[in-house]
Each structure stands twice: as C-alpha cells, then as structure tokens.
Number of protein chains: 2
Amino acid sequence: MLQWRTETPSPREAVTRPIVTQLSPTSLKGLLEGLGIAVRFERDSEIFAEDDDAEYIYRVVRGAVRLSKLMSDGRRQIGAFFLPGDVFGLEAENRYAFSAESIGDTEILLVKRNVLVAEAVKDPTMARQLWTETVDHLRQAQGHMLLLGRKNAQERVAAFLMEMADRLHSAGSVELPMSRQDIADYLGLTIETVSRTLTQLERDGVIGIPASRRIVLRNRPALEIMNDRLAA
Amino acid sequence: MLQWRTETPSPREAVTRPIVTQLSPTSLKGLLEGLGIAVRFERDSEIFAEDDDAEYIYRVVRGAVRLSKLMSDGRRQIGAFFLPGDVFGLEAENRYAFSAESIGDTEILLVKRNVLVAEAVKDPTMARQLWTETVDHLRQAQGHMLLLGRKNAQERVAAFLMEMADRLHSAGSVELPMSRQDIADYLGLTIETVSRTLTQLERDGVIGIPASRRIVLRNRPALEIMNDRLAA
DNA sequence: CGATTAATTGACAAAACTCAATACGAGTGG
DNA sequence: CCACTCGTATTGAGTTTTGTCAATTAATCG
C-alpha cells in the first residue's frame with residue numbers, strides 16, 4: 001500500500017528508510033483529521049523525491065522536514081522547512097518539484113491526495129482549506145524570495161532566527177532542529193558565512209549561543225531592525 | 001465601484017492612474033470567462049498595493065505586470081512578471097503581500113474575488129481551477145527561489161532569457177517588455193551586473209542584442225547548459 | 001534636434017566564497 | 001573515565017564575484 005524508495009542517497013547526506021508505526025483512522029487533528037496514517041521517519045529519510053508522483057499530502061506531527069532541490073553540481077536550495085503542525089506536499093499538481101526529507105527523527109501524518117481531492121469535490125469547506133493552505137505556502141515562498149534576492153548575510157540570518165523563533169513558539173531561546181548546512185542552503189549562503197554571521201551577532205550581544213543549535217535571542221528589537229528593512 | 005489609489009509613487013518610478021475602457025460581461029476567455037471587466041492601465045500604473053484588501057483577481061490581456069515589494073531603504077524585489085494570459089492576485093488571502101504595477105501599456109481583466117469564491121462553492125470545477133492556478137504560482141515561486149538562492153549572474157540571466165522566450169512564445173528572438181532595472185530586481189542583481197552579463201553573452205555569441213530590449217537567442221543549447229545546472 | 005531617461009562601460013571597494021586548518025561534541029571502546 | 005573517531009561547526013587567509021560610484025553612450029519623446 002505504501003511504497004518506499006530505496007534509491008538516491010543525496011550527495012550530502014545518506015537517506016534511510018521510514019518506519020510505519022501506527023494506523024490512525026480516527027484520532028487525527030486539523031486538516032487531515034480522520035483521514036491520515038502516521039509514519040515515523042528516521043533522521044535524513046526521504047519522504048518524497050523530486051519527480052515522484054504527488055500521491056500524498058503530509059502534516060508534520062513531530063520533528064522537522066526540509067523541502068529541497070539539488071543541482072547537478074551539488075548546490076542545494078532548501079525551499080522551506082516544515083515544523084510540527086505544518087502541512088506540505090501541496091506544491092505539486094502531478095509531480096513534486098522538490099524533494100522532502102526528515103531532518104531529525106520525525107513523525108508525519110499522510111493522506112492520499114485523491115482522498116482529499118474527492119472530499120473537496122463534495123465539500124466546499126475542504127476545497128477552501130486546500131486552497132487557503134496553498135496560498136499560505138505561496139506567501140511564504142514570496143517572503144523567502146525577498147530574503148534571497150536582496151538581503152545581506154546578516155539580514156538573512158536575523159530573518160531566519162526570527163522566523164524560527166516564531167514558528168517554534170520559542171520564548172527567548174530557540175532550539176534549531178537543523179544543521180548549519182541546512183540553514184546555509186535555506187538562506188542561499190555558505191556554511192562558513194552563516195557561522196561567521198552567528199558569531200558576529202553573538203559578539204554584538206544580539207544573541208547567545210550556549211550550544212551550536214541553541215540560540216538565545218538577547219536583543220530581539222535589534223534583530224527586528226535588521227529584518228525590518230525587509231518589509232516595505 | 002472601482003476605487004483607485006492616488007498615493008505612493010514608488011521611489012523608482014512614478015505611478016499613474018488606470019483608465020477603465022470597457023465592460024465585458026460576456027466575451028471573456030479562460031478562467032475569468034463571462035465574469036470580468038477589462039481595464040486599461042498606462043505604463044507604471046499601480047494595479048494594487050501591498051496591504052490592499054484583496055478584492056480582485058486579475059488576468060493579463062495585453063502588456064505585462066510586475067509583482068514587487070519594496071524595502072524601506074529602496075531595495076526592491078520583483079517576485080514575478082505576468083504576461084498575456086497569466087492570472088494573478090491569487091497570492092492573497094485577505095491582503096496582497098506584494099504590489100502589482102503595469103509595465104508597459106497594459107490591459108487587464110478583473111473579477112471580484114468573492115464572485116469567484118461564491119462560484120467555487122457551487123462549482124467544484126471552479127474551486128479546482130483556483131487551486132490549480134495557485135499551485136502553479138507556488139511552483140514558479142519555488143523555481144525562482146532556486147535561481148535567487150544559489151545561482152551566479154550568468155546563470156540567472158540565462159534562466160531569465162529562457163523563461164521569457166518560453167512564456168512569450170518567442171521563436172529565436174525575444175522582445176522584453178521590461179527595463180534592465182526590472183530584470184535586475186527580478187534576478188536579485190544590480191542593473192550593471194545584468195548589463196555586463198548580457199554584453200558578455202553577446203561577446204560569446206550566445207545571444208544577439210540588436211536593440212536593448214530585443215534579444216536574439218543564437219545558441220540556445222549554451223543557455224540551456226548554463227541553466228541546467230539549475231535543475232536536479 | 002535637444003532634452004530626458006535608459007543602458008553600458010570602467011575603476012575600485014566590499015561582501016561573500018573557497019580552501020585549509022582547527023576546535024567542538026557525541027558516541028564508542030579500551 | 002579517558003582516548004579516539006567521526007561528523008559538525010568555527011576560524012583564518014586569500015580569491016572571486018558582485019556591488020558601488022562615476023562617466024559615457026544610446027534610445028526615446030517632445
């Protein structure tokens with residue numbers, strides 16, 4: 001019923017196989033309520049690959065997912081991170097344009113796309129939800145374009161930290177689920193530039209870095225200002 | 001009924017007012033068939049502004065539109081160009097996140113969003129079309145992110161030329177509707193870098209530039225190669 | 001034809017990248 | 001508990017690309 005790929009470890013990271021842990025025919029929340037099954041993915045598993053048939057729509061329960069695309073020479077762009085509660089897999093009409101991989105150990109809810117589509121034909125509310133969710137993704141993508149197009153390294157990193165703090169509902173400090181390489185590929189920078197920029201922000205007293213993946217936001221207004229040049 | 005802003009000429013370009021020319025209750029094609037009215041916009045008119053209520057959905061009939069966002073210090077990112085046949089204004093739930101301006105003299109079809117939404121409630125086909133169209137935009141945005149994130153100037157310009165050639169159905173040569181500044185802001189480069197890159201491509205015999213807005217694609221495979229590093 | 005805007009070109013500066021070395025941290029085995 | 005290893009992150013030195021500022025040329029519009 002579910003069919004998993006065994007192929008294509010990415011150049012950067014080995015890809016392992018997911019583990020189906022439970023069927024959840026009833027007790028699911030939100031958009032996929034009552035329809036999905038839960039699947040657990042080990043760190044760096046491929047959830048779907050570029051050019052796969054877009055058979056499922058997904059929701060993160062626990063962990064995190066990166067949506068990425070690889071160029072032939074190994075450059076990688078991460079288009080989005082998905083965190084608990086986020087729905088993804090909508091960005092496809094027939095085939096996925098990016099691949100999706102679990103970042104840490106991750107639990108995902110998945111629903112057959114055609115189940116939702118069939119539902120949407122009967123139920124305008126479901127149709128509306130699918131559309132709205134897609135519009136949200138589009139807006140996020142546009143925000144990300146802004147960041148990638150015209151912002152310097154400091155602005156990118158500041159924007160990233162604020163985004164993560166918001167989306168992880170962090171008070172004061174963020175526990176990042178992803179590596180520096182993931183961050184770099186999300187921000188269109190190199191890992192070295194990300195690292196240097198974080199160090200500089202720490203020297204400036206704007207953030208603290210008690211552990212490499214834990215960031216304390218010491219001066220949020222300063223981050224906002226770096227970032228606000230972003231908005232109109 | 002229609003209400004037009006008089007405010008905020010952009011720092012870069014003056015914004016003028018549109019001219020309503022005709023009502024077209026019946027003879028429209030495609031997604032907005034039978035529902036829209038046609039409006040003509042002079043060069044550099046504002047079609048909608050950031051944070052406007054998202055009251056309409058649009059379709060380009062003639063001319064071209066840029067979707068852009070301005071930072072407080074004047075940096076501008078163009079998120080998309082819309083060409084004849086393209087639908088836009090979908091990227092909003094309640095308010096537009098970017099502003100839209102006509103590039104040349106442009107004719108636009110517009111339909112009240114709530115007319116379409118009402119239609120979609122009754123007609124799953126319309127609902128599906130709205131969703132599909134939005135997914136298309138999302139995919140385009142993701143493609144654009146790839147370009148902005150990890151590609152050098154030559155790759156960006158090559159990708160841009162190919163995109164325009166495709167979308168304008170050009171055989172061999174493209175007539176660009178937009179300025180070098182627009183191209184630069186779309187590609188996340190400066191106008192100088194765009195200019196130099198075009199000149200270099202011309203020196204290399206890959207393109208010809210008989211007039212600054214007319215580009216002859218002399219060696220399409222070469223452009224494809226510059227570009228293919230983009231795809232996976 | 002003259003004026004105004006758009007585009008190109010040049011010289012130099014700055015930001016980010018590359019390559020290389022080092023440090024850190026988690027996990028493993030002696 | 002310590003030492004070793006492996007993956008991850010940081011730091012440094014030097015290069016490359018793109019951006020900035022300024023001047024020039026080309027195109028467009030009265």
Side-chain angles (χ1 to χ4, degrees), chain A residues 9-14 16 43-44 71 73-77 103-105 147-158 175-203 207-215 226 229, chain B residues 9-14 16 42-44 71 73-77 103-105 147-158 160 175-185 187-203 207-215 226:
Chain A
S10 102
R12 271 190 227 273
E13 283 149 300
T16 54
R43 174 184 143 85
D44 294 327
M71 300 192 210
D73 64 357
R75 282 178 287 180
R76 184 179 68 160
Q77 178 64 40
I103 291 177
D105 199 59
L147 182 151
L148 291 172
R150 306 269 53 190
K151 289 172 82 68
N152 66 28
Q154 193 180 67
E155 293 168 327
R156 290 180 201 211
V157 170
E175 184 74 33
L176 299 173
M178 71 290 284
S179 69
R180 292 287 189 273
Q181 185 64 63
D182 286 339
I183 297 171
D185 290 345
Y186 182 65
L187 298 180
L189 298 170
T190 59
I191 187 174
E192 292 95 333
T193 299
V194 170
S195 186
R196 279 187 247 274
T197 304
L198 285 169
T199 303
Q200 190 54 50
L201 289 175
E202 188 180 31
R203 284 212 192 89
I207 62 173
I209 315 180
S212 70
R213 294 192 180 196
R214 169 157 296 277
I215 310 288
M226 291 174 198
R229 298 194 234 166
Chain B
S10 104
R12 271 190 226 274
E13 282 150 301
T16 54
E42 294 172 3
R43 173 181 141 87
D44 295 326
M71 300 193 210
D73 64 355
R75 282 177 286 179
R76 184 178 67 160
Q77 178 64 41
I103 292 177
D105 199 61
L147 181 151
L148 292 172
R150 307 269 53 190
K151 289 171 80 70
N152 67 29
Q154 191 179 68
E155 293 167 327
R156 290 181 201 211
V157 170
F160 171 75
E175 185 73 32
L176 298 174
M178 70 290 286
S179 70
R180 293 287 189 270
Q181 185 63 64
D182 285 340
I183 298 170
D185 290 345
L187 298 180
L189 298 170
T190 59
I191 187 175
E192 293 93 335
T193 299
V194 170
S195 186
R196 280 187 246 274
T197 305
L198 285 169
T199 304
Q200 189 55 50
L201 288 174
E202 188 180 31
R203 284 214 191 87
I207 62 173
I209 315 180
S212 70
R213 295 195 177 195
R214 169 158 296 277
I215 310 288
M226 291 175 198

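Model, not experiment: these values are computed from the prediction. The sequence lines fix the lettering, A, B, ..., with proteins before strands; numbering per chain opens at 1.
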Among Thr197(B), Thr190(B), Leu198(B), which one satisfies side chain to side chain contact (heavy atoms under 4.5 Å, CB included) with Val194(B)? Leu198(B)
Quick one: CG on Leu176(B) to CD1 on Ile183(B), what's the gap to the nearest 0.5 Å? 5.0 Å
Nearest atoms (heavy-atom pairs only) where Tyr186(A) meets Gln77(A): O-NE2, 3.3 Å
Mind checking the CG-CE spacing from Asn152(A) to Met226(A)? Nearest 0.5 Å is all I need. 9.5 Å
Could you check how far CG of Leu176(B) sits from C1' of dA27(D), rounded to whole Å? 15 Å
note: Leu187(B), atom CG; dT17(D), atom P; distance rounded to Å ~ 18 Å
Starting at CZ of Arg75(B) and ending at P of dT18(D), how long is that distance when rounded to a whole Å? 18 Å
Rounded (10°) bend between the five-pair end axes of the helix from dC1(C)-dG30(D) to dG30(C)-dC1(D): 30°
Can you see which heavy atom on Glu155(A) is nearest to which on Arg150(A), and at what distance? OE1-O, 4.3 Å
Using atom CZ of Arg43(A) as one end and atom C1' of dC6(D) as the other, report the distance to the nearest whole Å. 12 Å
Minimum heavy-atom separation for Arg156(A) and Leu148(A), please, with both atom names. NH2-O, 3.1 Å
Rounded to the Å, how far apart are Glu155(B) CD and dT16(D) P? 17 Å
Per-nt protein contacts along nucleotides 7-18 of chain C (heavy atom under 4.0 Å; B base, S backbone sugar-phosphate only, - none) come out as SBBBB----SSB
All heavy atoms of Ile209(B) vs all of Glu202(B), minimum pair found to be N-OE2, 3.2 Å
Atom-to-atom span, CG of Asp73(B) to C1' of dG19(D) - whole angstrom: 14 Å
Identify the heavy atoms of Arg180(B) and Ile191(B) that sit nearest to each other, and give their distance. CB-CG1, 3.7 Å
